[in-house]
Amino acid sequence: MDSSASGDGSSAADAATATATAAAAPSSSSGPSTSAPAFSAGGPSATHYLAKRVLHGSAVQHVARGRFRSEHLWEIVLCKETSLELVVVGEDGVLQSICEQSTFGIIKDVGVLDWRFKQFGIWPEIEGKEILVLLSDSGKLSLLYFSCQMHRFIAIGNIELSKPGNMRDQLGRMLAIDHDSAWVAISAYEDAFAFVHVGKSPHVYGPNREIVERANIMHVVYKTSDICGTVWSMCFMRTRCSMDEYYPVVAMIINRKGSDVNELSVYALAANDGGIQHLSSFSEPGPLALDISEIPQLDGFALLFRAGDILFVDLREPKDICCTIRISITGSLIGGQISVEDSCRGLDVDDDVAACALLELRDSGNNIMMDDNYMAIDGVDNAGSMKSRIICSWSWEPDAVRGRPRLIFCLDDGEFHTLEFNWDTEGVKVLPERVHRGLPCRPLLWMNRGMIAGFVEMGDGMILQLEHGRLVHKSAVQNVGPILDLAIADYHGEKQDQMFSCCGMCPEGSLRVIRNGINVEKLLRTEPIYQGVTGLWTLRMKRTDTYHSFLILAFVEETRVLSVGLSFNDISDAVGFQPDVCTLACGLIADGLLVQIHSKGVKLCLPTTYAHPEGAPLTSPVSFVWYPDVTISVGAVGQNMVAVATSNPCCLYILRVRSLSSFQYELYETQHVQLQYEVSCISIPEEDSKLRTVSSAVGGGDVRKRKGNNLAAKVDVRMFAVIGTHKPSVEVVSLEPEEAFRLLSIGSISVNNAFGAPISGCIPENVRFVASERFYILAGLRNGMLLRFESDTSKDHYFPGSFYRDSFTPCVNTPLQLIAIRHIGITPVGLVALRDSANADIIVLSDRSWLLHASRHSLAYSSISFLPASHVTPVSSVDCPSGLLFVAENCLHLVEMVHGKRLNAQKFSIGGTPRKVLYHSDSRTLLVMRTGLTGASCSSDIVQIDPNNGTLLSRFKCEPGETARCIQIAKIGSEQVLIVGTSKSNDHPMMPNGEAESIKGRLIVLSLDTLGSPHESSSFIATSNLSSSSHTGSFPEIVGYATEELSSNSMCSSPDDVCYNQIQLEQMTGHLRSLTHVTFAGAVLAVYPYLDRYVLAAAGNTLCVFGFVNENPHRMKKYAVSRTRFTITCLKTYASRIAVGDCRDGLLFYSYNESLRKLELVYADPAQRLVGDVALLNCETAVVSDRCGSISVLSCPRLEVSESPEKNLAVHCSFFMGEIAMSIQKAAFRYRLPIDNETDPMLESAYNCVVASTMLGSVFVLIPLTSEEHHLLQDVQERLSVHQLTAPLLGNDHAEFRRRGIPSGVPSILDGDMLVQFLELTSEQQQTILDAAPSGKGPPRSISIFQVMRTLERVHYALN
């Protein structure tokens, strides 16, 4: 079921959270500060905002399986209403994310068109790929293909069905696709239905064979509005109708207006007049029909899913429908009574098949997987009960045995069953089997290799595998939605921020600690004894070794070699490296031979058996040193060669190795050349990786050409090196003998700022060759900039012509073109590959650490959740096969990057439903309010939890039948207290019309002075608890990096590496002590401290001010009362301002007159609004969310007006998110680049920003902008919203979508998801967009790429 976020419509890492300063977040301190000055940065003058989703939603509504990138790869698309995620499932059952992108629309349904082998040669981009089909609120049928170059889905067609597309009687609710992928059936919620015939049109050529019109999507739409009912489900059917008479044919379940039952109706397209005709209807007495599905391989037969049973229906003659088998699912299928009812008319005798049903029930009690804790469900139905059960999801086996289709379905009580249909000479046999009991899943997908993906609505999904008649749990799929509340706090010791969030609902409620950036699991940290490290490398003994053997540490005047294993032991003497020099570079030149490059020479070493078991059986290592006449500045080691460069004179040397005798080798110079400019860095690509990548890349073209061809044998590429020079430039030179460093390609570095002045420090510090979909070269400069160079290649080659041995193309014909440029920081940029491969992802080091995604278009990178580091190297050992070694704060840090992890989050299964969370800074613990508990003593409580390990430290139980509704920390005199609001019933506290129910409630004051603190061993810095908890009781998970996500991305990684830790009740050390309480006539839904001496409480529609006599928390006194028209849902304060949100009248501003002890209504909302939450930025400005999916900034008017106070708040700007925000928090962000001037008045270090969490599990951040920034980015946004590569994926009008439900004349908040796409484009594409004029607005305003990039990079830097 779609969760509604707008009218009739429906409402997502590097899943990183935004970087927020704890001091600015009210919920992350000991108590909300209410004595701040009335005005601050981002105050009333900050009327312009940018909204960016920093964490994509994780609640999956729809799922589709297909071959979207290649005909050889099966992938899955997860549709999360406002975003798409492409994932794959590995052989270990771990979900791995490929990409994630925003849709700028709300997805309604999804399907797949299999056009892989249709009409070759007319559309090369989509050949061999399946097409993703989406229905959305745009009213269009969207056809998408996956672009490997752009690493995202791109629309190839948007077929308009209705406008605007989100009304109940307009097409766009549900779709079905026929078997031949030629027809799409589309329905509205009610009445309307259509057939769409889709296909590809070829190129249209001119007289000279020039392309006049390119291939596109052709379609014909046949509509009808005569359904006269609500369509619940539909599917295409293969019938015996002649195609010349009726084709195609669709069976659908319809609830006719005024009817209490659903009927099965058949509609078809008449061939003679193109009209849609109703052929017949069928209704079997019994339960309500809910869903229908055609049975694969059994043409003309379908399953009709009803409440409590399944009907096997014969539709081969669509005008004469009959039911042949009924399968009861009332009660448990295990040992239950299955009734089989033969219809009055069986199967046709013409088929020579008799109707029979072998309904053997297998006692699979022993097959049920008893997955401790995670799969356990409280209150399991009695097996003997006969209550009706509903099938909530189902999926067919994709590669079923011929003639034996199998179905898996999940019941609403969490039971999983399979149905096998066996068609043979004896008839149809239906074999049901119960295979699992867990959580009810919706949706469900049967994948290849017997794996099944199930997605839980308000909890973590799962990957299961069918083995020997039972489902075995393989991994978990993290889902943080809905996020009911969040608190922001600083990560002590690392100064990195994290969010504590209340996620999910009972029985899957959990507390999540969401960190910024890509997760790293901390394994080891040394003492701070590694000062002055200048280089860090790991080496293997042989190229074919799985693990590294040596760790080399270079210092200013020293080099140390350590062994890699359980412990890092110093083995410098056994390796042979010269210890009293600074190593510039090192590497493995041949198996068993290591090379050390330092300023005085190049040393070849043969380690002994003491250093490695396969070393030389000698007492001391064998070595040979090659000395140049001048000082060496840089060098690199490749396979069987060494390249070194000198500075005065500027020369480049190539050395090779040869064997003299047993254990005797020497280095000899093969060639050298004098250069015009000094070399700043050298990189030699891995030979085997390069050739392997070339062969796969060349083989990635025409599907028909790939089969049976050994293309790797045709590749004959020169050996080459990439060098950076002081010119400055990036050059590719040949390392082939006798070619004297022939120049193959060159890229000049000329970077200017907005005023045309060259930027200093453009000398390359690091260069690296990368081979993915096409080859390119990365250059990290000394001034903190990162550049990407590419070269044009011919259609049949992966490299430019000059790179091939049989080519003599001069370099002037193959220049390197600067494709993209990004400012990473101000310190020199280092590039370190995660593994020895030309297509490996790369760690980029500067002021902070980033992970660059090598396969992405342009430059796409995500922040790494770790300290700023000076050096890093991958390290692989038996105990840590995917480790990374960072040098930071003079320590060595061994970590493991969970680089496939979908969410950087730690999970604590908390029990019940966590509703509210507060961070108590004094004790560094969390206070969590829970409801829905199943214990006999209470159904709701407040607990104190250690966020490091989930230990429950103390607890307060509500009375039996009482439910906690809200909590806040307050300070009364010198004592901290917790204010709790409750209701004396579990029922809903308000009526449908917004008025309060007559339910009593309490205001309770709890003491916090006796709160227990975490043990020192479990402080935030300690990594032992973090690393151990992620290995104990955790399931693997994955990360998909969204395209240039501002913080987190979903790079769906492998282990769902969240920590599924249970809250440890047995370690509770105390109880929260009640000081006093007050009883109200209504449920207390909101409380908040006020002016550091009062407490506000809202009960029903009553707002009360309480004080404490003589600052004694035991003596609470009521000072003032005011009433609103409707139920109050939230309260916030700032200094003397009180913001009240109610369920109808929206946002109300109050003030309290202490002398008169009176609450006064000062300002009111100009429109009715069902308030979700509110945050006060200052005394005059508030940010408020509503339950329709919008967020708005309101403030007091500047001038005095004579109007009634009922309508005098001004709406400054609004933004339609498409998701309902449940919690809003104020936070401060570091909105500055390292290159920015600290005194720049436009760059205040702290802004009044807002963090909002949603029902779908998304996190949005609102950042204030200056008028100049807003004007600049608004122009860019208008251009991006209409450009082919960046326009809304679903065909929406972007401005209309983001302004949905917003009154005319109210400015819109800028869309950060749209703007961030600018960073993913090449420089040429960026310039093309900026040069384009928005339609109807005259000539375009001149915009500088430098200005746009600098502004967007500030936002990117802040949110990472």
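Since the model is a prediction, treat every value here as computed from it, not as a measurement.
- Residues Leu1131 and Tyr1150 have side chains not in contact (no heavy-atom distance under 4.5 Å, counting atoms from C-beta outward).
- You'll find the side chain of Lys1226 reaches within 4.5 Å of the side chain of Leu1177, heavy atoms only.
- Here the SG-CD1 distance, from Cys502 to Ile483, works out to 10.0 Å after rounding to the nearest 0.5 Å.
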Test log, rule salt bridge (Lys or Arg N to Asp or Glu O under 4.0 Å), inputs Arg1137 and Glu1180: CA-CA 8 Å; Arg1137 177 69 71 232; Glu1180 297 189 358; 5.8 Å; no
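- Atom NZ of Lys1000 sits in a sparse spot, with 12 or fewer heavy atoms from other residues, nucleotides or ligands closer than 6.0 Å.
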Side chain to side chain contact (heavy atoms under 4.5 Å, CB included) between Thr982 and Glu959, worked out: CA-CA 10 Å; Thr982 72; Glu959 295 179 353; over 6 Å; no
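- Side-chain atoms of Arg512 do not come within 3.5 Å of backbone N or O of Val480 as any donor-acceptor pair.
- Side-chain N/O atoms of Asn1110 and Asn1112 include no donor and acceptor closer than 3.5 Å.
- Between Tyr1152 and Glu1160, every side-chain heavy-atom pair lies at or beyond the 4.5 Å cut-off.
- Inter-residue side-chain proximity for Tyr1090 and Ser1136 is flagged as met; some heavy-atom pair is nearer than 4.5 Å.
- Within the 3.5 Å criterion, the main-chain N or O of Leu1006 finds no donor-acceptor partner in the side chain of Ser1074.
- Inspection of the Ser1195 and Thr1181 side chains reveals no N or O donor paired with an N or O acceptor under 3.5 Å.
- Across all their heavy atoms, Pro482 and Met505 have their closest contact at CG-CG, 4.3 Å.
- A donor-acceptor distance shorter than 3.5 angstrom exists from the side chain of Asn1208 to the backbone of Ala1164, with no hydrogens or angles considered.
- A donor-acceptor contact under 3.5 angstrom links the side chains of Asn479 and Ser58, judged on distance only.
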Audit row: Met499, Gln1225, side chain to side chain contact (heavy atoms under 4.5 Å, CB included) steps and yes/no: CA-CA 11 Å; Met499 289 182 180; Gln1225 303 286 342; over 6 Å; no
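- At least one side-chain heavy atom of Ile1191 sits less than 4.5 Å from a side-chain heavy atom of Val1183.
- Remark: of the listed residues Asp1142, Leu1085, Asn1101, Leu1085 is the sole one forming a side chain to side chain contact (heavy atoms under 4.5 Å, CB included) with Thr1127.
- Looking only at distances, no side-chain donor or acceptor of Lys916 sits under 3.5 Å from a matching main-chain atom of Met929.
- Between Val1105 and Leu1096, the closest side-chain pair of non-hydrogen atoms falls below 4.5 Å.
- Pro1166 has its side chain within reach of Val1211: a pair of non-hydrogen atoms, C-beta onward, lies under 4.5 Å apart.
- If you check the side chains of Ser1223 and Asp485, you find a donor sitting under 3.5 Å from an acceptor.
- Thr1124 places a side-chain N or O within 3.5 Å of a backbone atom of Phe1126 that can act as its donor or acceptor partner.
- Here the side chain of Gln944 pairs no donor or acceptor atom with the backbone of Thr925 at under 3.5 angstrom.
- By the ring-ring contact (aromatic ring centres under 6.0 Å, His included) test, Phe1106 is found to be paired with Phe1080, residues two or more places apart in sequence or in another chain being considered.
- You'll find the side chain of Ile969 reaches within 4.5 Å of the side chain of Leu1008, heavy atoms only.
- The main-chain N or O of Glu1219 is never found under 3.5 Å from a side-chain atom of Thr1254 such that the two would form a donor-acceptor pair.
- Under a 4.0 Å N-O distance rule, the pair Arg442/Asp412 does not qualify as a salt bridge.
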